[in-house]
Amino acid sequence: MRKLYLVAGLMALAACGGEKKAEEQQAAPAPAAQQAAPAAAPAATGATWDVDMNFDGKVGTFTPAAITIKAGDVVRFHNKSGMPHNVVFAADSIPAGAAAVLDAAMADKVASLTGPMLVDQDAVYTVSFAGAPAGVYHYHCLPHVAFKMHGQITVQ
Ligand SMILES: [Cu+2]
């Protein structure tokens with residue numbers, strides 16, 4: 001009888017020691033706070049125009065060099081050859097009030113009215129003319145300004 005109690009006691013101890021401790025709950029990381037969207041430029045509502053950018057070693061070209069669009073249209077500049085190219089609007093050769101509109105519409109600017117350098121073949125740089133005042137917008141490519149690489153967009 002005594003042995004039986006002893007065994008029962010050992011079993012009770014074993015059961016007690018074998019109890020698993022409750023796993024510590026790890027604090028789950030708080031979900032990332034939603035970032036507030038940056039103030040958006042007016043939405044483009046019109047047509048899309050395509051302009052190719054080329055440089056043959058002698059002359060840089062935006063093709064077509066001159067286009068006439070409507071406010072709300074979008075212009076896509078395509079990196080075709082002789083890159084890098086970029087799109088720079090001449091601050092003194094755009095309509096009054098246009099600088100603020102373009103600065104809001106141009107992504108990844110390196111300076112006011114100055115688009116990023118496009119180095120990849122077929123890279124596309126898109127500029128929305130939503131809310132753009134009517135008038136003539138002169139622009140050029142900074143690396144090739146000495147190679148006559150300039151263009152003109154007339155907003156009706
Ligand atoms: Cu260029």
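Just follow the structure's listing: the first ligand is 1, and inside any ligand the first atom is 1. These figures come from a predicted structure and were not determined experimentally.
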Please list, one pair per line, the donor and acceptor atoms closer than 3.5 Å that link side chains of residues 144-156 to other protein atoms, with sequence neighbours excluded.
unit_1, atom_1, unit_2, atom_2, d
His144, ND1, His85, ND1, 3.1

Any residue meeting salt bridge (charged side-chain N to carboxylate O under 4.0 Å, His left out) with Asp122, in chain and number order, not counting sequence neighbours
Lys80
Protein N/O/S atoms closer than 2.8 Å to the Cu ion (ligand 1), ordered by chain and number, come to His85 ND1, Cys141 SG, His144 ND1, Met149 SD
Side chains of Thr61 and Asn54, donor plus acceptor under 3.5 Å
no
Derivation of the side chain to side chain donor-acceptor pair (under 3.5 Å) call for Ser112 and Asp103:
CA-CA 6 Å; Ser112 178; Asp103 270 337; 2.7 Å; yes
Using the ring centroid of each side chain, check whether Phe55 and Phe62 are separated by less than 6.0 Å.
no
Going by ring-ring contact (aromatic ring centres under 6.0 Å, His included), name the pairs with one or both residues in residues 111-136, residues two or more places apart or in two chains.
Phe129-Tyr137
